[in-house]
Amino acid sequence: MVTISSLFTDFYQLTMAYGYWQLNRHEEEAVFHLSFRKNPFQGRYTLCCGLETAIDFLNNWRFQKDDLAYLGGLKNTQNTPLFSENFLSYLENMTFSCDIDAIPEGSVVFPHTPILRIQGPLLQCQLLESPLLNFLNFQTLIATKAATICQAAGDDAVIEFGMRRAQGPDGALSASRAAYIGGCIATSNTLAGKYYDIPVRGTHAHSWVSAFPDELTAFQTYADIMPHNCVLLVDTYDTIQGVKNAITVGKKLREKGADLLGIRLDSGDMKQLSVEARKLLDEAGFSETDILASNLLNEDIIANLKQNGAKVSVWGVGTSLVTAYNQPALDGVYKLGALKDEKGNWQYKLKLSERTEKTSTPGRHQVRRFFCNDQYVIDVVYDLDIGISDTPEIVLQDETLAAPRLDDYDAFVDLLQPIFRKGKRVAETISIHDIREKAILGVAHFNQTHQQSYPVALEKKLYILKDDLKLHYTASKTEKV
């Protein structure tokens with residue numbers, strides 16, 4: 001894995017941390033929650049991803065000497081050190097000591113539910129806001145996009161082809177990981193294959209064909225070099241002739257005990273060309289040879305091609321996937337829910353907004369998912385200290401939805417699970433392949449059982465607490481004015 005410096009945070013997190021330290025509030029116990037406000041891509045669900053990346057970061061979260069030297073060299077407007085030596089010494093000796101609970105990677109999740117709860121020293125919680133948002137926002141977005149594309153592809157395979165169009169090296173690596181979890185079978189990104197144990201796939205470029213006297217020679221040479229990994233790009237010149245040349249090479253491969261694994265279409269009328277290519281391949285006895293399509297594909301184009309009879313069996317998706325082209329960011333947020341006072345009592349906190357969806361929820365949260373016959377019924381956010389009854393009273397987050405019957409469920413599970421306790425990992429390491437399988441099964445199950453928006457609610461006592469705090473802060477604001 002790539003080791004990321006502890007300086008990977010927004011600068012204002014460090015200035016706030018310095019302020020807490022100066023006020024001797026840095027060790028106050030705090031609770032923050034990471035959540036998001038809206039499903040991406042106008043979808044009905046979101047696929048949680050990025051937790052293992054966050055865990056790797058936290059396992060190595062330590063300010064190194066060169067980090068501290070950099071911070072020590074920063075100056076204020078008076079050209080004196082911005083941070084004191086004692087503060088930098090504190091950072092040097094600081095070790096991660098928070099508790100973290102999270103919804104497991106690969107889970108189907110919904111807006112306004114915390115996917116991560118972090119509890120510990122206020123200074124540490126604050127410094128971790130930006131990196132945790134970065135890891136989970138981006139990978140959750142890309143995993144959800146991949147799941148959407150794979151759903152459009154149905155039983156066909158999808159390969160992530162986006163490295164060259166991704167947002168820099170780490171954007172490419174993170175996107176490859178998330179796309180695999182979201183359902184892609186492989187990536188073209190070789191380094192992601194090494195780091196994350198993702199299968200890698202690739203063909204050749206048009207430049208390979210152009211580098212030889214003619215297409216047939218180029219195909220035959222490639223097949224001689226890669227007899228057991230031969231997928232040929234057939235549209236450098238004339239696509240149909242390219243398919244015929246690929247068949248010629250495929251027959252010679254069979255004479256050597258190998259086979260033509262596939263052909264790739266990268267331009268032109270994908271529907272018509274794939275139909276004609278499939279006919280030629282089948283007539284020549286290559287019915288098992290895949291037809292791979294690429295070139296600026298997305299879920300809508302794939303769905304349209306399939307509905308119109310295209311004969312593509314593998315889809316290579318790049319730009320649209322790794323850049324989340326139609327929604328480049330998930331609106332994840334990280335909000336303070338409570339601070340413990342000197343007497344050991346939790347003081348609940350919230351952030352007000354004129355927009356209802358941007359007002360945060362106070363407390364220390366857990367999410368309970370109710371089931372009936374294995375079908376999700378509702379997710380209910382409750383406070384750990386206030387608690388929740390077996391059949392709770394609830395207030396829906398989206399008032400346009402109908403409230404389900406909570407006297408008709410047969411099971412429930414609390415989704416936030418322990419990951420760290422006092423800075424030590426307590427959760428088992430889960431392989432990327434198991435995470436991917438969980439994600440694929442979860443998305444399929446949700447799509448089969450839910451065709452409408454999914455309800456999320458606040459437990460009523462938590463809702464009342466939130467409402468009371470809103471009134472309190474509003475009244476305080478009015479009095480000051």
Side-chain angles (χ1 to χ4, degrees), residues 3-37 50 53-54 57-100 114 116-138 168 170 329-342 346-353 358-360 362 420 423 473 476-477 480:
T3 299
I4 303 173
S5 168
S6 295
L7 290 182
F8 185 61
T9 192
D10 282 311
F11 185 60
Y12 79 100
Q13 310 289 8
L14 280 157
T15 60
M16 285 190 288
Y18 187 42
Y20 294 140
W21 181 82
Q22 288 276 24
L23 296 170
N24 198 32
R25 297 188 59 190
H26 53 293
E27 297 292 345
E28 284 185 22
E29 192 167 4
V31 175
F32 285 77
H33 303 95
L34 190 154
S35 61
F36 62 98
R37 297 186 177 119
T53 304
F57 175 76
L58 294 170
N59 280 332
N60 296 285
W61 192 57
R62 190 80 185 256
F63 283 90
Q64 304 297 327
K65 290 190 179 298
D66 57 335
D67 299 328
L68 298 167
Y70 169 75
L71 293 177
L74 297 178
K75 302 291 176 38
N76 59 27
T77 56
Q78 301 302 308
N79 201 34
T80 59
L82 190 61
F83 301 113
S84 72
E85 290 186 6
N86 287 340
F87 174 67
L88 297 179
S89 178
Y90 174 83
L91 292 182
E92 182 177 18
N93 293 301
M94 182 182 68
T95 57
F96 177 57
S97 60
C98 295
D99 295 348
I100 290 185
L116 184 149
R117 183 181 72 241
I118 178 167
Q119 178 173 328
L122 176 58
L123 181 147
Q124 293 189 28
C125 294
Q126 194 70 72
L127 287 176
L128 292 172
E129 174 180 0
S130 298
L132 291 175
L133 282 169
N134 178 274
F135 301 140
L136 274 74
N137 274 349
F138 182 68
D170 182 70
L330 184 74
D331 60 346
V333 293
Y334 186 94
K335 298 299 181 185
L336 176 65
L339 276 171
K340 187 172 284 188
D341 63 20
E342 293 179 353
W346 287 108
Q347 301 299 316
Y348 294 125
K349 306 292 180 179
L350 92 168
K351 182 259 181 194
L352 283 175
S353 174
K358 295 192 72 174
T359 296
S360 65
F420 284 94
Y473 283 121
S476 298
K477 180 180 177 182
K480 290 179 180 178

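The figures that follow rest on heavy atoms only: side chains count, while hydrogens, waters and symmetry mates do not.
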Nearest-0.5 Å distance, CG of residue L127 to CG of residue L132: 11.0 Å

Would you say the side chain of L34 lies within less than 4.5 Å of the side chain of I118, judging by non-hydrogen atoms? no

Backbone N/O of Y12 and side chain of T15: donor-acceptor pair under 3.5 Å: yes

Keeping the roles fixed (side chain from S360, backbone from L350), state whether a donor-acceptor pair exists under 3.5 Å. no

Between L88 and G72, which heavy-atom pair has the shortest distance, and what is it? CD1-CA, 3.5 Å

Would you say that F32 contacts L128 through its side chain, given a criterion of any heavy-atom pair below 4.5 Å between the two side chains? no

Donor-acceptor under 3.5 Å (Y473 side chain, K349 main chain): no

Value rounded to 0.5 Å, distance of OH in Y20 from CG in L122: 4.5 Å

Non-hydrogen side-chain atoms of F8 and D67 separated by less than 4.5 Å: no

Check Y334 against C125 and note the closest heavy-atom contact, atom names and distance. OH-O, 2.8 Å

Should the pair H26 and W21 be assigned to parallel (<30°), tilted (30 to 60°) or perpendicular (>60°) ring geometry? tilted

To the nearest 0.5 Å, atom CG of N134 lies from atom OG1 of T9 at 10.0 Å

Enclosure of R37 CZ (heavy-atom neighbours >12, cutoff 6.0 Å): yes

Sub-4.5 Å side-chain heavy-atom contact between R117 and V31: yes

Going by the angle between their ring planes, with limits at 30° and 60°, are Y90 and F87 parallel, tilted or perpendicular? parallel

Output the distance between atom OG1 (T80) and atom CG (L74), rounded to the nearest 0.5 Å. 11.5 Å

First locate atom CG of L71, then atom CD of E92, and finally report the distance between them rounded to the nearest 0.5 Å. 11.5 Å

Answer with yes or no whether the side chains of S97 and Q124 bring together a donor and an acceptor at under 3.5 Å. yes

Quick one: are L123 and Y18 in side-chain contact, heavy atoms under 4.5 Å? no

Min side-chain heavy-atom separation P81-F83 under 4.5 Å: no

Does atom NZ of K75 have more than 12 heavy-atom neighbours from other groups under 6.0 Å away? yes

Working to the nearest 0.5 angstrom, can you tell me the gap between N60 CG and S5 OG? 11.0 Å

Run the side-chain contact (heavy atoms from CB on, under 4.5 Å) check on L58 and F135 step by step: do they pass? CA-CA 11 Å; L58 294 170; F135 301 140; over 6 Å; no

So K335 and H33, side-chain contact (heavy atoms from CB on, under 4.5 Å) or not? Walk me through it. CA-CA 5 Å; K335 298 299 181 185; H33 303 95; 5.8 Å; no

Find out whether T95 and R62 are in side-chain contact, i.e. whether some heavy atom of one side chain is under 4.5 Å from a heavy atom of the other. yes

Where is the tightest heavy-atom contact between K358 and K351, given as atom of each residue plus distance? O-CD, 3.7 Å

Nearest heavy-atom approach of A338 to W346 is CB-CE3, 3.6 Å

Side-chain touch M94/L91, heavy atoms, less than 4.5 angstrom: yes

Count the heavy atoms of every other residue, nucleotide or ligand shown that sit under 6.0 Å from OH of Y70, and state whether that count exceeds 12. no

